[in-house]
Amino acid sequence: MTDILKTENLSVGYGGRSVVSKINLNLYPGEIVSLLGPNGSGKSTLLRTLLGLQSPLEGEVLLMDRPLNGLSPSQRARLMGAAMSDRPRPWGLTALEMVEQGRFSRQPDEMACLNALRDMDALDLSDRFLTELSDGELQRVHIARALAQEPSLLLLDEPTSFLDQPRRVEVLRRLADLARERDLSVLLSLHDLDLALTFSHRCLLIGDGTLTSGTPEDLVLSGVLATAYGQPRDWDPLGHPELDCPPVLGEVDLNCPKPIYRWVVRGLRRRGFVPGVGPTLKVEDGEGTTFSLDMDGETRVAYRLDDLLDMLLEVHRG
Ligand SMILES: Nc1ncnc2c1ncn2[C@@H]1O[C@H](COP(=O)(O)OP(=O)(O)OP(=O)(O)O)[C@@H](O)[C@H]1O
């Protein structure tokens, strides 16, 4: 497959100080690639260099096999769209006008701009002034601006940082669809490892000044991801630290529908109980959730887990 962008022995950095060196990467049509690495590892520096906003310290960036520094701004803009982390909001400009600016290298096309806004679920923002948008709304407008260019390659620096959790998932799902439908190559830097490892075909990981490419699973299984983030070899990037829970006081025989099991166990653990052998705690999930506890021949019912746990704790304390 022909790459859209590749680098040859690229080193990026500032004033002769290399941040990441010997980068040989390729980006292909139709794939979504996450750029990962801890704070300060060089993700933005690399993205800016790929965009031509700063010069390489060494090596070369090739866009469609042509040296990036030999292409005019207009030629670059036809191939590469970007939304960087600065996200300006010029005064007096509406969202649609901002997206239209993205087409400076192409014919004006209001429909393409409205479609790009629709792709980012931001069509309802088209007539709003940028100065009046929330950070998350502005972020979606900036991605739409990059999409409106109809580029072959999209470079996005932390595109989900201001989005709420469901929107993060939605935007990444949409970008994955667009990559597939339009043979678009998408490179995005992300801090959210859960999303990156779920939605990426491939990851580029920066650690200790070098860049490693691999599937999400290979980077986890090889321990390279853990090392880059300074974590122990057996670190689970999708795991979360345990709740700060009290010591275990007792067990309940938990009978609970699977979809909500995890949340009931968390609630129990928060108050010092774990599933096991003990009084039967039955959870029924219908219109609302009902919790009933069978103890000493008596059934106690509650409609909030916390209320039931109050009862359980009372009985436990005797
Ligand atoms: N203009 C600059 N001049 C000199 N050094 C810089 C400049 N901008 C960034 N750096 C340094 O370059 C290194 C890489 O920064 P960069 O912003 O690329 O990291 P990052 O991986 O994007 O970080 P983060 O995840 O925190 O956004 C850091 O050590 C940073 O302090």
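Here the structure is a predicted model, which is why all the values come from computation and not from measurement. Remember, it's 1-based here, ligands and their atoms both numbered in the order they're listed.
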I need the nearest protein heavy-atom contact for [atom]: residue, atom name and distance, please.
| atom | value |
| --- | --- |
| atom 14 (C) of ligand 1 | G40 O, 3.3 Å |
| atom 16 (P) of ligand 1 | T45 OG1, 3.5 Å |
| atom 11 (C) of ligand 1 | R17 NH2, 3.6 Å |
| atom 10 (N) of ligand 1 | Y14 CE1, 3.4 Å |
| atom 19 (O) of ligand 1 | G42 N, 3.3 Å |
| atom 26 (O) of ligand 1 | N39 ND2, 3.0 Å |
| atom 17 (O) of ligand 1 | S44 CB, 3.8 Å |

Show which atoms of ligand 1 fall inside a sub-4.0 Å distance from at least one heavy-atom site of [X].
| X | answer |
| --- | --- |
| P38 | 21 (O) |
| K43 | 18 (O), 19 (O), 20 (P), 21 (O), 22 (O), 23 (O), 24 (P), 25 (O) |
| E158 | 27 (O) |

Please indicate whether [X] has more than 12 foreign heavy atoms, meaning atoms of other residues, nucleotides or ligands, lying under 6.0 Å from its [atom1].
| X | atom1 | value |
| --- | --- | --- |
| D164 | CG | yes |
| E181 | CD | yes |
| W235 | CH2 | yes |

Pairing of [X] and [Y] as salt bridge, 4.0 angstrom limit:
| X | Y | result |
| --- | --- | --- |
| R271 | D310 | yes |
| R202 | E31 | yes |
| E58 | K22 | no |

Donor-acceptor contacts under 3.5 Å from residues 78-87 side chains, at least two apart:
from, atom 1, to, atom 2, distance (Å)
R78, NH1, S105, O, 2.9
R87, NH1, S85, O, 3.3
R87, NH2, D157, O, 3.1
R87, NH2, E158, O, 2.7

Quiz question: by atom type and distance under 3.5 Å, do the side chains of Y28 and T2 form a donor-acceptor pair?
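Not at all, the side chains of Y28 and T2 share no donor-acceptor pair under 3.5 Å.
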Would you say the side chains of S222 and D218 form a donor-acceptor pair under 3.5 Å?
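Side-chain D/A pair, S222 to D218: absent.
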For S41, state whether at least one heavy atom is located under 4.0 Å from any atom of ligand 1.
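Heavy atoms of S41 do come under 4.0 Å of ligand 1.
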With a 4.0 Å cut-off, strictly under, does atom 30 (C) of ligand 1 pick up any protein heavy atom?
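Protein heavy atoms within 4.0 Å of atom 30 (C) of ligand 1 - there are none.
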Where on V19 is there a heavy atom closer than 4.0 Å to ligand 1, on the side chain, on the backbone, on both, or on neither?
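It is the side chain that gets close, since no backbone atom is under 4.0 Å.
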